[in-house]
Amino acid sequence: MLISDGALATELEARGCDLNDPLWSAKVLLEQPALIRDVHRDYFAAGANIATTASYQATPQGFAARGMGREESLKLVALSVRLADEARQERRADHPDAGPLLVAGSVGPYGAYLADGSEYRGDYSLTPADFRDFHAARIATLVEAGVDFLAFETLPSFAEAKFLLALAQEYGVDCWFSFSLRDGAHISDSTPLADVAQLVGGEPNVAAGGVN
C-alpha cells in the first residue's frame, strides 16, 4: 500500500500564503518555492510515499496573465517537479529505509485555469485541438522533468478525461484520475460514472476515483 500526501494548498495557507489568486498554489512557485519543498518534505516525514507537484494550476496560459512567456512558464512547471524530488532526496538521505518515494505530476483541468469554479461544473466545450493546446506542453514538461506518474485531478469533463487518457498513452506514462462529482452516479458534466469506469477501467496503468 502506498500513502499519498495531503492537500498542498491547505498546508501553504497554514504557513502564511495567500492563495486567493487565479494561480492558486502555483503562485507560490513564483514567490516562495522553497516553502513548497518544505511541505513535500514534511509530508514524506509524516509517512507519505507520494508527493504531488504544485502544478495543478501551473499553465503557460495562466502565467501569461502575469506577463510571462511560454518558456519561462514551463520552467516553473519543471521547478514543481524539482522541488518534490529535492524533498524526496532529503528523505532518502536521512531515512534510507523509508520505502518507495514517488512524485506525481499534478494536472488540473481546463476549468481550473478559468478560476470560476468550472472544475466543479464541467460546463465548457473544447475540441481535441483545444485540449492539446492547453494540456500537452505542461504534460510533456512534467514527464521530461521526471515524474513517476501523472495525477489528473478533479476532472469534471468526460471529453477532457478521454483526451488526457490518450495523451498519457501517447507519452507512455502511468496516471491516476480523480473526478469532481455532480452526485453519487455522475461526474460534474452529468456523464454517468459507469461510462467513466468503462473509459479507464480496462487500462492497465490507470487508477481512478471521485471527489465531491
Q: Begin from the C-alpha positions of L102 and F149 and carry the test side chain to side chain contact (heavy atoms under 4.5 Å, CB included) through to its verdict.
A: CA-CA 8 Å; L102 305 174; F149 57 93; 4.1 Å; yes
(Q) Working note: L165 + F177, criterion side chain to side chain contact (heavy atoms under 4.5 Å, CB included); need CA distance, chi angles, decisive distance, verdict. (A) CA-CA 9 Å; L165 177 59; F177 286 80; 3.9 Å; yes
Q: Could you tell me whether the side chain of L193 reaches within less than 4.5 Å of the side chain of H186, counting heavy atoms only?
A: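 Side-chain contact under 4.5 Å: no.
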(Q) Measuring only between side-chain heavy atoms, which start at C-beta, is D148 closer than 4.5 Å to V173? (A)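 Side chain of D148 against side chain of V173, heavy atoms only: no contact under 4.5 Å found.
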To the nearest 0.5 Å, tell me how far [X] [atom1] sits from [Y] [atom2].
X: W176; Y: E153; atom1: CH2; atom2: CD; result: 6.5 Å
X: I36; Y: S25; atom1: CD1; atom2: OG; result: 7.0 Å
X: W24; Y: Y56; atom1: CH2; atom2: OH; result: 6.0 Å

Q. Could you walk me through whether R82 and D85 pass the salt bridge (charged side-chain N to carboxylate O under 4.0 Å, His left out) check?
A. CA-CA 5 Å; R82 187 164 74 248; D85 183 58; over 6 Å; no
Q | Residue pair R66, D21: steps toward the salt bridge (charged side-chain N to carboxylate O under 4.0 Å, His left out) verdict | A | CA-CA 11 Å; R66 299 295 180 91; D21 189 280; 2.4 Å; yes
Q | Main-chain N/O of Y120 paired with S188 side-chain donor or acceptor, under 3.5 Å | A |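 Pair found, side chain donor or acceptor close to backbone of Y120.
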(Q) Distance alone, cut at 3.5 Å: any donor-acceptor contact between the side chains of Y110 and E119? (A) no
(Q) Could you check, using the six-membered ring where one of them is a Trp, whether Y113 and F134 have ring centers closer than 6.0 angstrom? (A) yes
Q. Out of R92, R41, R37, which residue meets the salt bridge (Lys or Arg N to Asp or Glu O under 4.0 Å) rule with E86?
A. R37
Q) L23, V107: one ILVMFWY side-chain cluster at the under-4.5 Å cut-off? A) no
Q. CZ of R70: more than 12 outside heavy atoms within 6.0 angstrom?
A.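 No.
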Q: Show the numbers, then the answer: is there a side chain to side chain contact (heavy atoms under 4.5 Å, CB included) between L150 and D174?
A: CA-CA 6 Å; L150 296 172; D174 294 348; over 6 Å; no
**Q.** Candidate pair F152 and S178, rule side chain to side chain contact (heavy atoms under 4.5 Å, CB included), full reasoning
**A.** CA-CA 6 Å; F152 298 123; S178 68; over 6 Å; no
